[in-house]
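Step one of this worksheet: look at the structure below.
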Amino acid sequence: MNGFEDWVGARSSALARSAYLLTADVHLAEDLLQDTLARVAQHWPELTRGGSPDAYARRVMHNLAIDTWRRRRVRPREVLDDRRVELASPGDDAEAIARRVVLREALARLTPKQRAVLSLRFYDDLTEAQTAEVLHCSVSTVKSQTRHALARLRALAPDLVTSFSDAEEVTS
């Protein structure tokens with residue numbers, strides 16, 4: 001089990017961030033991460049013999065998140081919990097922190113599936129085909145959900161789009 005513990009130590013932070021992006025709630029993200037790690041632990045021997053623990057964990061996490069969304073069709077408005085979300089890194093300026101806050105609030109207003117698609121595509125850096133495989137949907141669904149989610153982000157946080165464009169001009 002030592003290999004599993006080492007893997008958890010190396011990957012738990014990234015998995016926790018992915019869980020938070022999927023749930024937009026610290027407590028739900030902790031539950032999702034715990035359930036994911038329990039499933040990975042159950043299958044650890046098979047995963048070390050030729051599987052990919054990271055890919056399996058991502059698939060399990062997103063499947064569990066989707067199952068939760070299906071069970072809770074009607075749910076109260078999601079509220080982000082600031083207590084454990086790192087908004088600042090050493091050396092960040094006030095503008096960078098403000099952009100993160102605006103982005104976090106805009107992401108919270110997306111549908112769970114839109115958050116999942118954006119999380120997989122841009123945070124986990126998966127291709128459209130890999131994202132479709134994880135979410136058990138078609139590539140065209142991934143493309144349309146991505147397009148709708150990005151359009152919604154632009155509408156919810158137009159200043160954010162402008163600030164990222166300005167930042168790119170400064171670095172060019």
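- Applying the side-chain hydrogen bond (donor to acceptor under 3.5 Å, both in side chains) rule to Arg17 yields the partners Tyr123; only residues at least two apart in sequence or on another chain are considered.
- Closest approach of Ser18 to Asp124, counting heavy atoms only: OG-OD1, 3.3 Å.
- Across all their heavy atoms, Ala132 and Val139 have their closest contact at CB-N, 3.8 Å.
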task = Verify side-chain contact (heavy atoms from CB on, under 4.5 Å) between Phe4 and Val40, making sure each step is shown before the conclusion.
result = CA-CA 9 Å; Phe4 175 72; Val40 171; 3.8 Å; yes
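- Note that CG of Asp31 is 6.5 Å distant from CD of Gln34, once rounded to the nearest 0.5 Å.
- Of the listed residues (Thr146, Val142, Thr131), just one forms a side chain to side chain contact (heavy atoms under 4.5 Å, CB included) with Leu120, and that residue is Thr131.
- For the pair Leu118 and Leu21, the minimum side-chain heavy-atom distance is 4.5 Å or more.
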message = The test is side-chain contact (heavy atoms from CB on, under 4.5 Å); show your working for Leu135 and Thr141 and say whether it passes.
response = CA-CA 10 Å; Leu135 296 177; Thr141 299; over 6 Å; no
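- Not counting sequence neighbours, Ser12 has no partner by the side-chain hydrogen bond (donor to acceptor under 3.5 Å, both in side chains) test.
- To the nearest 0.5 Å, atom NZ of residue Lys113 and atom CG of residue Leu22 are 13.0 Å apart.
- Checking side-chain atoms of Arg49 against main-chain N and O of Trp44 turns up no donor-acceptor pair under 3.5 Å.
- Considering only residues two or more places apart in sequence or on other chains, Thr127 meets the side-chain hydrogen bond (donor to acceptor under 3.5 Å, both in side chains) condition with Gln130.
- Separation of atoms CG (Leu32) and CG (Asp25) is listed at 11.0 Å; rounding is to 0.5 Å.
- Residues forming a side chain to side chain contact (heavy atoms under 4.5 Å, CB included) with Ser144 (at least two apart in sequence, or on another chain): Arg147, His148.
- To the nearest 0.5 Å, atom CD of residue Gln145 and atom OG1 of residue Thr111 are 5.5 Å apart.
- Here the CD atom belonging to Glu46 is positioned 8.0 Å from the OG1 atom belonging to Thr48, to the nearest 0.5 angstrom.
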Show every donor-acceptor pair shorter than 3.5 Å between a side-chain atom in residues 51-65 and any protein atom, with sequence neighbours excluded, or say none if there are none.
| unit_1 | atom_1 | unit_2 | atom_2 | d |
| --- | --- | --- | --- | --- |
| Ser52 | OG | Ala55 | N | 3.4 |
| Asp54 | OD1 | Trp7 | NE1 | 2.7 |
| Asp54 | OD1 | Arg11 | NE | 3.2 |
| Tyr56 | OH | His43 | NE2 | 3.4 |
| Arg59 | NH2 | Glu133 | O | 3.2 |
| Arg59 | NH2 | Glu133 | OE2 | 3.0 |
| His62 | ND1 | Arg58 | O | 2.8 |
| Asn63 | OD1 | His136 | NE2 | 3.3 |
| Asn63 | ND2 | Arg59 | O | 3.4 |
| Asn63 | ND2 | His136 | NE2 | 3.4 |

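- Checked against side-chain hydrogen bond (donor to acceptor under 3.5 Å, both in side chains), Ser140 has the following partners two or more places apart in sequence or in another chain: Ser138.
- Atoms SG and CD1, on Cys137 and Ile66 in that order, are 7.5 Å from each other to the nearest 0.5 Å.
- Applying the 6.0 Å contact sphere to CD of Gln42 captures more than 12 heavy atoms from other residues, nucleotides or ligands.
- Placement of Phe122 and Leu107 within a single hydrophobic cluster is found when ILVMFWY residues are connected by side-chain heavy-atom separations under 4.5 Å, directly or transitively.
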